[in-house]
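Whatever order the structure lists ligands and atoms in, that order sets their numbers, starting from 1.
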Amino acid sequence: MDKETSVKKEKYLILREQVVSCNSCDLRKGATQVVPGAGSLNSKIMFIGEGPGATEDRQGIPFCGAAGKFLDILLESIGLNRNKIFIANIVKCRPPNNRDPEIGEIKICTKWLEQQIEIIQPEVVVPLGRHALNFFLPGKMISKEHGNVYEQGGRRYFLSYHPAVALYNGSYRDVMLSDFKKLHDLINN
Ligand code: URA
């Protein structure tokens, strides 16, 4: 492991320890465990979801349930897999009954996400769905902006629907597969 990677890893492990022992808001009370994030610290691309669902809450891994299976298909369609990317969420603990995370919870919890980004330094961030989009680029509407790229603070943001939408409405599958082709072009050019 080169020096830069080992420094990153050291920093990340310290951060991870703080994240998994966080009790800063009430979401932790209803959750089985904190789901900090997973993947390669050297990744140039980070995918950011909303928050853990029931399966993620049980297993401690982001996107390991039904939405995650479709995310794997999307990743595979552009030659990516979990080992090549980093996945995290806006909130690290499951909101009760999968309700939307509240503004206060997002405010408290995203201090962790900000530090993850600071350590990993991705070139491209992919907010998945409206909660993640609203955190990075408030005011943008996912229905109008999916597939678009924005540059902010020296980083590119590729706007994508959340993979769960394709579980509720199958017609989003093709939309997302086609958006991911654009993501492929973005990261390979
Ligand atoms: N949905 C999310 O937004 N994140 C997960 O980790 C799982 C489902």
Atoms in ligand 1 flagged as close to [X], the criterion being non-hydrogen separation under 4.0 Å:
{"X": "N89", "result": "2 (C), 3 (O), 4 (N), 5 (C), 6 (O)"}
{"X": "P62", "result": "6 (O)"}
{"X": "G49", "result": "3 (O)"}
{"X": "E50", "result": "2 (C), 3 (O)"}

(message) For ligand 1 and G53, I'd like to know whether there is a polar contact (N/O to N/O, distance under 3.5 Å).
(response) no
(request) Check whether the ring centres of Y157 and F136 lie less than 6.0 Å apart, and answer yes or no. (result) yes
(request) Could you tell me if the ring centre of H162 sits under 6.0 Å from that of F70? (result) no
(request) Would you kindly specify which portion of E56 sits under 4.0 Å from ligand 1, judged on non-hydrogen atoms: side chain, backbone, both or neither? (result)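 Just the side chain.
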Say whether [X] and [Y], considering side chains only, have a donor N or O and an acceptor N or O under 3.5 Å apart.
{"X": "N169", "Y": "S171", "result": "yes"}
{"X": "Q33", "Y": "R58", "result": "no"}
{"X": "K92", "Y": "Q116", "result": "yes"}
{"X": "S160", "Y": "D179", "result": "no"}

(message) So is H162 touching ligand 1 or not, going by heavy atoms under 4.0 Å?
(response)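 Yes, H162 has heavy atoms under 4.0 Å from ligand 1.
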(request) Check if G51 has a non-hydrogen atom at a distance under 4.0 Å from any atom of ligand 1. (result)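 It does, in that a heavy atom of G51 comes within the 4.0 Å cut-off of ligand 1.
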